[in-house]
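The model shown is predicted, which means the values in this text are computed figures rather than measured ones.
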Amino acid sequence: MTNVPTVKLNNGVEMPVLGFGVFQVPDLAEAQKAVEEALATGYRLIDTAAAYQNEEAVGKAIKASSVKREDVFVTSKLWVSDFSYKRAKAGIDASLEKLGLDYMDLYLLHQPYGDTMGAWRALEEAQKAGKIRAIGVSNFYADQLKNLELTMPVKPALNQIEVNPWYQQEKEVAANQAEDVRVEAWAPFAEGQHGIFTNPLLTEIGAKYGKSAGQVILRWLIQRNITVIPKSVHQKRMAENIAVFDFELTQEEMQSIAGLDRNESQFFDHRDPKTIEQIFGSSLAAVKADEEN
């Protein structure tokens, strides 16, 4: 059993408000063990991606679990190397094959670069065919999201973006929510940067409720109406991260945490042309060459 509440996406599909991520867990045995323990702990939302190289481990963990497939909300993501209509169709099938599943509950465009329209068209068709229950995006800014909405028939159900106390993204969160696009936070703990787990304000608030700074962060995100996917390969932390539904932060505490915003990503600037070219340029060039041949 799990005590994690669910929320309805804009197409009526229900998903948990808190899940489990396997970002940066490329070792398949470790990833499978982590997902099996997460499911046993009560998590029902599992988030992976083609780029994480552990979809196969997630699928094996789901099969090995006593939890029914229909009770697990499985998310994966298409990488930019498959951002064209033709390659996206193959990429969707590749994710399903690696996961060993007949369908995915949510499938996202992992980044806002390259032929996002062509790839989105493939996602729309896959959703219509029953291969995906809901489709969405990741790391899209509000203008990029709006451009996709205005161009394509199906509105994204969700946008997975970086949100944590150091990078609160108030305007981006508000823009998505105004469009009835669910926001999902990755890196909620900011990779532990700037002493986030020992921050005086977060630990003080946590002490009031008998909770850790990490639990306060997760509760803060959930109360902002944001789905969150913390990750850990340690079962004790998994249990701690899911135990955030027995307390509620006051409005004053929410406002205090808002004051921690540094307005800086803990990773890279998704709008810096040089960074985009450095990280994604080779993948996008490969797609272009493939489409021309």
Can you check side-chain contact (heavy atoms from CB on, under 4.5 Å) on K8 and M15, steps first, answer last? CA-CA 6 Å; K8 281 189 178 182; M15 73 176 297; over 6 Å; no

Ion pair check, [X] and [Y], cut-off under 4.0 Å:
X    : Y    : result
D143 : R271 : yes
E149 : K146 : yes
K211 : E240 : no

According to a hydrophobic-cluster definition based on side-chain heavy atoms being under 4.5 Å apart (Ile, Leu, Val, Met, Phe, Trp, Tyr only), do [X] and [Y] belong together?
X    : Y    : answer
L18  : F73  : yes
Y85  : W120 : no
L101 : L28  : no
Y167 : I257 : no
Y141 : M152 : no

If you measure from [atom1] on [X] to [atom2] on [Y], what distance do you get to the nearest 0.5 Å?
X    : Y    : atom1 : atom2 : value
L148 : K155 : CG    : NZ    : 11.5 Å
L9   : R182 : CG    : CZ    : 8.0 Å
E37  : H234 : CD    : NE2   : 10.0 Å
S212 : L202 : OG    : CG    : 9.5 Å
Q160 : I226 : CD    : CD1   : 12.0 Å
T75  : I46  : OG1   : CD1   : 9.0 Å

Kindly state each residue pair satisfying ring pair (Phe, Tyr, Trp, His ring centres under 6.0 Å) with at least one member in residues 245-274, sequence neighbours excluded.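 Of all non-adjacent pairs touching residues 245-274, those that pass ring pair (Phe, Tyr, Trp, His ring centres under 6.0 Å) are W186-F267, Y209-F247, F268-H270.
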
Sidechain-backbone polar pair: [X] side chain, [Y] backbone, donor-acceptor under 3.5 Å:
X    : Y    : result
N54  : V22  : yes
W166 : N263 : no
T203 : P200 : yes
N139 : H110 : yes
E253 : T250 : yes
Q177 : R224 : yes
Q168 : P165 : yes
T198 : G195 : yes
N10  : P156 : yes

Regarding [X] and [Y], is there a side-chain donor-to-acceptor distance under 3.5 Å anywhere?
X    : Y    : result
E204 : N199 : no
S265 : E162 : yes
N176 : N159 : yes
S95  : Y107 : yes
E184 : T227 : no
S65  : E36  : no
D115 : S84  : no
R219 : Q215 : no
S138 : Q111 : no

Where is the tightest heavy-atom contact between [X] and [Y], given as atom of each residue plus distance?
X    : Y    : answer
G100 : K63  : O-NZ, 2.6 Å
A258 : E170 : CB-OE2, 4.2 Å
A119 : L109 : CB-CD2, 3.8 Å
L123 : I132 : O-CD1, 4.3 Å
A88  : L78  : CB-CD2, 3.6 Å
L249 : Q223 : N-OE1, 2.7 Å

Atom [atom1] of [X]: over 12 foreign heavy atoms under 6.0 Å:
X    : atom1 : result
Q24  : CD    : yes
K89  : NZ    : no
E264 : CD    : yes

I want to check something: taking the side chain as every heavy atom from C-beta on, are [X] and [Y] in contact at a cut-off of under 4.5 Å?
X    : Y    : value
I242 : F20  : no
I276 : Y113 : yes
W220 : V244 : no
T41  : Q235 : yes
M104 : L99  : yes
V67  : R44  : yes
K60  : E56  : yes
L145 : V181 : yes

Would R237 count as a cation-pi partner of F197, with NZ or CZ less than 6.0 Å from the six-membered ring centre and within 45° of the ring normal?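 R237 over F197 ring: yes.
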
Distance under 6.0 Å and angle within 45° of ring axis: R69 vs Y103: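 R69 over Y103 ring: yes.
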
Within residues 126-138 or reaching into it, pairs that qualify as salt bridge (charged side-chain N to carboxylate O under 4.0 Å, His left out) - sequence neighbours excluded: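 Checked against salt bridge (charged side-chain N to carboxylate O under 4.0 Å, His left out) - neighbours excluded - the pairs reaching residues 126-138 are D93-K131, D105-R133.
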
Report the C-alpha separation of Q144 and T116 in whole Å, then their side-chain angles, then the decisive distance to 0.1 Å, and conclude whether the side-chain contact (heavy atoms from CB on, under 4.5 Å) test is met. CA-CA 10 Å; Q144 296 165 328; T116 56; over 6 Å; no

Run the numbers on F23 and I229 for side-chain contact (heavy atoms from CB on, under 4.5 Å), then give the verdict. CA-CA 10 Å; F23 174 58; I229 44 172; over 6 Å; no

Just checking F280 against W79, ring centres under 6.0 Å apart?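 Aromatic pair counts; centres sit under 6.0 Å.
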
Apply side-chain contact (heavy atoms from CB on, under 4.5 Å) to the pair V17 and T6, showing each step before the final yes or no. CA-CA 5 Å; V17 300; T6 60; 5.9 Å; no

